[in-house]
Colleague: 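Questions regarding the structure given below will be posed in turn.
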Amino acid sequence: ADQKVRDQHKTAFVFLRIERTFSCPSILQMPDISKEQQDKFIHVTLDKALRLEVLVNEFFDITRFNRQDIELATTEIDLYYMLMQLSDEVYPLLAPEHKKVEIRADENCKVYGDADKLARIFNNILKNAIAYSNPDSTIVISAWEEPPGTVILFSNQGQTISPEEQQRIFDKFYRRDEARQTNSGGAGLGLAIAKELVDLHGGTIRVMSENGRTTFKVCLPRRKMPTA
């Protein structure tokens with residue numbers, strides 16, 4: 001009961017963050033501003049809109065988790081090409097600080113699961129790696145098949161995550177100190193959503209961090225999963 005109350009309070013907090021994120025001055029109310037100022041306000045508005053999209057998507061996802069109405073449409077997936085597509089899609093997030101993504105996987109590597117849900121898992125982990133990696137660094141995604149299933153690693157160079165933070169990193173609404181200080185990122189639901197979806201597939205996810213290198217390890221079973 002106490003946990004449910006805490007989650008309700010945190011949900012209310014998400015609404016407040018959404019309201020604050022989207023509050024910005026209207027260019028239409030400032031007819032005398034220069035072209036340079038207009039471009040600046042447009043950039044700020046676009047940035048807020050993109051952040052709003054992240055917050056809204058996270059909120060609706062976590063609401064669905066609370067209702068427990070998620071279903072899986074499982075199939076065999078070409079993992080290598082899925083990872084390549086995801087790395088291409090995040091290029092706009094990589095470019096400003098000259099970061100790169102390197103895929104280390106065989107082109108024939110397969111994984112079994114719900115394609116949309118797996119893409120969400122990998123996208124959330126990859127975006128987290130981008131957000132917390134050093135400038136001019138390379139995020140390495142490794143994948144291979146072994147008898148129990150498929151293993152996927154996301155590894156980046158950045159600030160070491162303390163053992164205390166590692167214990168909480170998959171908690172709903174948890175945001176690392178760096179994110180709280182800069183007011184960046186979403187509502188602290190990305191990794192929690194990833195873990196929920198990994199669990200739904202019967203897999204595991206864990207984080208390892210030492211000496212400035214952080215790795216998220218996802219293990220997914222190589223077997224047919226029943227739909228919910």
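Small disclaimer: the values here were computed from a predicted structure and weren't measured. In this chain, numbering begins with 1 at the start of the sequence shown.
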Colleague: Mind checking whether L197 and I77 sit in one hydrophobic cluster, side chains of I, L, V, M, F, W, Y counted as touching below 4.5 Å?
Modeller: yes
Colleague: May I ask you to check whether over 12 heavy atoms, not counting those of E146, lie within 6.0 Å of atom CD?
Modeller: yes
Colleague: Closest approach of A143 and L83, non-hydrogen atoms and distance?
Modeller: CB-CD1, 4.3 Å
Colleague: Measuring from T74:OG1 to L72:CG, what's the distance to the nearest 0.5 Å?
Modeller: 7.0 Å
Colleague: Is a side-chain N or O of N124 found less than 3.5 angstrom from the main chain of G190, in a donor-acceptor match?
Modeller: yes
Colleague: Quick check: does any side chain N or O of E145 sit under 3.5 Å from a backbone N or O of K110, one acting as donor and the other as acceptor?
Modeller: yes
Colleague: Roughly how far, to the nearest 0.5 Å, is the CZ atom of R168 from the CG atom of L191?
Modeller: 13.5 Å
Colleague: Identify the heavy atoms of D199 and G203 that sit nearest to each other, and give their distance.
Modeller: OD1-O, 3.9 Å
Colleague: Which heavy atom of K117 sits nearest to which heavy atom of E71, and what is that distance?
Modeller: NZ-O, 3.4 Å
Colleague: Under 4.0 Å between a Lys/Arg side-chain N and an Asp/Glu carboxylate O for R104 and E102?
Modeller: yes
Colleague: Report the distance from atom CD1 of I130 to atom CG of L94, rounding to the nearest 0.5 Å.
Modeller: 4.0 Å
Colleague: Which atom pair, heavy atoms only, marks the closest approach of T150 to C109?
Modeller: CG2-SG, 4.2 Å
Colleague: State yes or no: do L93 and I103 share one hydrophobic cluster built from I, L, V, M, F, W and Y residues joined by side-chain heavy-atom distances below 4.5 Å, directly or via other members?
Modeller: yes
Colleague: What I'd like to find out is whether the side chain of L126 reaches to under 4.5 Å of the side chain of F154, using heavy atoms alone.
Modeller: yes
Colleague: Do the side chains of R206 and K195 get nearer than 4.5 Å, heavy atoms only?
Modeller: no
Colleague: Kindly give the heavy-atom pair with the smallest separation between Q166 and I161, and that separation in Å.
Modeller: NE2-O, 2.9 Å
Colleague: Specify the closest pair of heavy atoms between D136 and K99, including all atoms of both residues, with the distance to one decimal.
Modeller: N-CG, 4.3 Å
Colleague: What distance do R213 atom CZ and S133 atom OG have between them, rounded to the nearest 0.5 Å?
Modeller: 10.5 Å
Colleague: Are Y81 and I141 linked, directly or through intermediate hydrophobic residues, by side-chain heavy-atom contacts shorter than 4.5 Å (ILVMFWY only)?
Modeller: yes
Colleague: Indicate yes or no: at least one non-hydrogen side-chain atom of H201 is less than 4.5 angstrom from one of L118.
Modeller: yes
Colleague: Going through the distances and angles, do V140 and L153 end up as a side chain to side chain contact (heavy atoms under 4.5 Å, CB included)?
Modeller: CA-CA 8 Å; V140 178; L153 303 181; over 6 Å; no
Colleague: State whether the side chain of E107 and the backbone N or O of Y80 hold a donor-acceptor pair below 3.5 Å, judged by distance alone.
Modeller: no
Colleague: Rounded to the nearest 0.5 Å, how far does OG of S137 lie from NE2 of H98?
Modeller: 11.5 Å
Colleague: Using a strict threshold of under 4.0 Å (side-chain N to carboxylate O), is an ion pair present between D116 and R120?
Modeller: no
Colleague: What is the distance from atom CD1 of I139 to atom CG of N134, rounded to the nearest 0.5 Å?
Modeller: 10.0 Å
Colleague: Pick one: which of N156, T160, T214 meets side-chain hydrogen bond (donor to acceptor under 3.5 Å, both in side chains) with S209?
Modeller: T214
Colleague: Atom CD of residue position Q167 - does it have more than 12 heavy atoms of other residues, nucleotides or ligands inside 6.0 Å?
Modeller: no
Colleague: Could you state whether L220 and V151 fall into the same hydrophobic cluster, counting links through intermediate Ile, Leu, Val, Met, Phe, Trp or Tyr residues with side-chain heavy atoms under 4.5 angstrom apart?
Modeller: no
Colleague: Side chains of I125 and I205: closer than 4.5 Å at any heavy-atom pair?
Modeller: yes
Colleague: Side-chain heavy atoms nearer than 4.5 Å, only ILVMFWY residues, links allowed to pass through others: does that put M84 and I152 together?
Modeller: yes
Colleague: Any side-chain heavy atom of F216 within less than 4.5 Å of one from I121?
Modeller: no
